[in-house]
Amino acid sequence: MQRAVIEGFQSLLKLALAVFGIICLGSLPGLFNHLTVNVPQYIQTIQDVAAKLAHPASITYSTTVRPLFPEIFIRFKESLIIFSCSLFFSITLAIIVVYYLIRLSERRLNQVRQLIAFFESIPDILIILGLQLFVVWLFQVTGVLFVKVAGIGDNTVRALPMIALSIPTTLMFIKLLLVRFEEEFRRDYVLLAEAKGLSRVAVFYRHVFINVLFSLFFFTKTTIWFMLSNLYIIEYFFNSLGIFLFVKENPTSEIFVVSLLLIYIPVFLFIQAFQLFAPDALKERT
Amino acid sequence: MWRFLIRDKKFIIGLLFLVTLVALSIGNTIFNDGEIRKVILSYDEDGMVQVPPYPPFSDFILGSDQNGRDLLHVVIEGAKWTIGATVVIALARIVFGLIFAMIISFFVKKGYDYLESWFDSFSILPMTMIAYFLLANVLVFDSGDTSAPSFSVRLSFEILILTILAVPTVSFYIANETKRLLREEYVQTSRMLGGNTKHVIIKHIIPQLFPVLIIVFMQQFVQTLILLAHLGVLKLFLGGTVVFTDLNGKEFYTASHEWSGMLGLYYQQLMAYPWIPFVPMLFFALTIIAGNFILSGIQKAYEGIRKPVSKVKKKIPALDDMPAAKKDSFVFVERKDSMSI
């Protein structure tokens, strides 16, 4: 019980520090005053931003002075929908692909690995440009616009950003899962299970598969960082009205900080919850 | 390490590509005064007048832009800026990261976890977003703006910001690696025998970290290139964006021929002349692929050093090779008793 209280307190302290870090980051434009470093002004900016955050209802955006809340939640929801759908889709697809890949021979698997490494090198912008051109080309050939190419006004565009985000993410997951499956198959319990006469399929489903899926949680940060980096540029390209485009259009310190907090705090809570509830055996392994 | 790398075809291809590109680019500046081949009008076989942009594989291998400039030539001229800046940024990230890593892993004992969580947001939030936010006000200016800082100042400021943004992540990565090394027995023995911090860093930590640093350097190289491409699309060009405002609206120009600027400039022409924005994109992609080739080559070589080269397979004698048991090999001493039991 006491241990839980201490851990909870430590988590809170970490969260507070991270929030302070984000405020410092958001105030950085105050430090560079026409390319010269101005420390007192920076401290002043930090105080200003913190004061504004204390009264969130008073924060406004754009030149026409509109309240930030709840507009920012609407934008956040849009990003969240694209993000979570792509994540779900990518993981599912990657698991299916890897399930078939691990049955290949070692030589074939190596070829697949090199292919994946090659496709991973292709910058996301090239994929986005290619997708846009492809849809336009399809439209020219067939006369049917399958998905909207870009959002205009209040029209939201979702299908294409999701596809664009899913392609690199799926590749990343396939690569990650392949490595994890190989590590898992080399472990002793697999050998033991096989020695006891369990079939490979049973071992795969009962043990390896579940262990690998759980171990994916250890890559939460990398995955989220990777996907958010892509999402930022995707929102710009497809004019999808998510939170990143909102920050880009309204580049003030307080909006930047609020948006970063909206993104960061859920991820932080998720990681802390995982640390708290995950079985210890799982934690020790990696 | 080299004897592994020389044999690696991919590594050689990647390295040759980068070196050739930069050498051609510098050569263009020295021997050709940075001039770019430009054809404003040309005639086809029927004597018809052709105006730019010319498609690829016509007069120009990769086509030309709307001003009739040879795209391949522009890309080569810009290569030294883009690749040069990327190398400088990646190198600076490693150097500063290493220094901070040494400081935090040797002198920060208690507050390490808290220091890490202070910078934790860097490990989740997209770097393009932070970089754009910090640079947008500084790098974009009007063409008539005389108060704007000079090209070199802007370039160094951008390099500085792009370096600082990655230093926390790199530092903590190296620091964690250093902490692991510090727990090794030989380091503790060295300490016990009287080695001070300086001795431990120079003799034990740096040599062990060196391969890790090279791998991190190549990763940062690729990451920085992607970051520059993103910023280019967002109209933040390396060394600054010049905005011309006329009746048609705003036009953006880059101060040099570097690739992120080309990408941002040509992106508007995607639907009309798709090959124009694809050329800088292609070279970004090729450079990233070359970087990844080099990275995988180094990683393989590093693994090769750790493992002994010649694996002598243990010879397990097959059953047939064993001397067959002869009849007299086993003799029952007391046959009757053994049977009765």
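Letters A, B, ... are given to chains in the order of the sequence lines, protein chains preceding strands, and every chain is numbered from 1.
Your options are L15(A), I263(A), L133(A), N230(A), and the one with the most heavy-atom pairs under 4.5 Å with chain B is L133(A). Chain A forms the most heavy-atom pairs under 4.5 Å with one residue out of A285(B), P277(B), G291(B), and that residue is A285(B). Of all the listed residues (L228(A), I122(A), I22(A)), the one sharing the greatest number of non-hydrogen pairs under 4.5 Å with chain B is L228(A).
The two residues Y114(B) and L13(A) come nearest to each other via the heavy atoms CE2-CD2, 3.5 Å. When every heavy atom of M127(B) is checked against every heavy atom of W225(A), the shortest pair comes out as N-NE1, 4.3 Å. Taking all atoms of both residues into account, the shortest heavy-atom contact from P126(B) to S229(A) is CB-CA, 3.5 Å. Summarising the geometry of F133(B) relative to P29(A), their closest heavy-atom pair is CE2-CG, 3.6 Å, with the distance given to 0.1 Å. Nearest heavy atoms, W118(B) versus L17(A): CD1-O, 2.9 Å.
Contacts between F20(A) and chain B at a heavy-atom distance below 4.5 Å involve backbone atoms as well as side-chain atoms. Contact annotation for T222(A): neither backbone nor side-chain heavy atoms come within less than 4.5 Å of a heavy atom of chain B. Looking at A136(B), there are no atoms closer than 4.5 Å to chain A (heavy atoms on both sides), in backbone or side chain. For T252(A), the part lying near chain B is the backbone, with the side chain staying farther off; criterion is any non-hydrogen pair under 4.5 Å. Only the side chain of L263(B) comes within less than 4.5 Å of a heavy atom in chain A; its backbone stays farther off. Contacts between Q140(A) and chain B at a heavy-atom distance below 4.5 Å are absent for every atom of the residue.
Applying the ring-ring contact (aromatic ring centres under 6.0 Å, His included) test to F293(B) and every residue at least two apart in sequence or in another chain returns nothing.
Within a 6.0 Å radius of CZ in F226(A), more than 12 heavy atoms belonging to other residues, nucleotides or ligands are found. Heavy atoms of other residues, nucleotides or ligands lying less than 6.0 angstrom from OH of Y112(B) number more than 12. Surrounding CZ of F119(B) are more than 12 heavy atoms belonging to other residues, nucleotides or ligands, all under 6.0 Å away. Counted within 6.0 Å of CZ on F17(B), heavy atoms from surrounding residues, nucleotides or ligands total more than 12; the atom is thus considered enclosed. Other residues, nucleotides and ligands place more than 12 heavy atoms under 6.0 Å from the NZ atom of K248(A).
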_Working note: I226(B) + I125(A), criterion side chain to side chain contact (heavy atoms under 4.5 Å, CB included); need CA distance, chi angles, decisive distance, verdict._
CA-CA 9 Å; I226(B) 295 175; I125(A) 303 178; over 6 Å; no
*Determine, step by step, whether L28(A) and I161(B) satisfy the side chain to side chain contact (heavy atoms under 4.5 Å, CB included) criterion, reporting the C-alpha distance in whole Å, the side-chain angles of both residues, the deciding distance to 0.1 Å, and the verdict.*
CA-CA 10 Å; L28(A) 266 182; I161(B) 289 287; 6.0 Å; no
*Taking it one step at a time, do L25(A) and F122(B) satisfy side chain to side chain contact (heavy atoms under 4.5 Å, CB included)?*
CA-CA 9 Å; L25(A) 184 68; F122(B) 278 85; 3.6 Å; yes
*asked:* What verdict does the side chain to side chain contact (heavy atoms under 4.5 Å, CB included) test give for F256(A) and I130(B), after you've listed the backbone C-alpha separation in whole Å, the side-chain angles of each residue and the deciding distance to 0.1 Å?
replied: CA-CA 9 Å; F256(A) 184 76; I130(B) 303 172; 4.2 Å; yes
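Going from atom CG of L261(A) over to atom CG of L125(B) covers 9.5 Å, rounded to the nearest 0.5 Å. The OH atom of Y264(A) lies 6.5 Å from the OG atom of S123(B); values are rounded to the nearest 0.5 Å. Between the CD atom of E235(A) and the CE atom of M129(B) there is a distance of 9.0 Å, given to the nearest 0.5 Å. With values rounded to the nearest 0.5 angstrom, K235(B) atom NZ is found 3.5 Å from Y236(A) atom OH.
Taking 4.5 Å as the limit, every side-chain heavy atom of L282(B) sits out of range of all side-chain heavy atoms of L126(A).
Residue pairs meeting the salt bridge (Lys or Arg N to Asp or Glu O under 4.0 Å) criterion with at least one member in residues 218-229 of chain A, sequence neighbours excluded, are K221(A)-D120(B).
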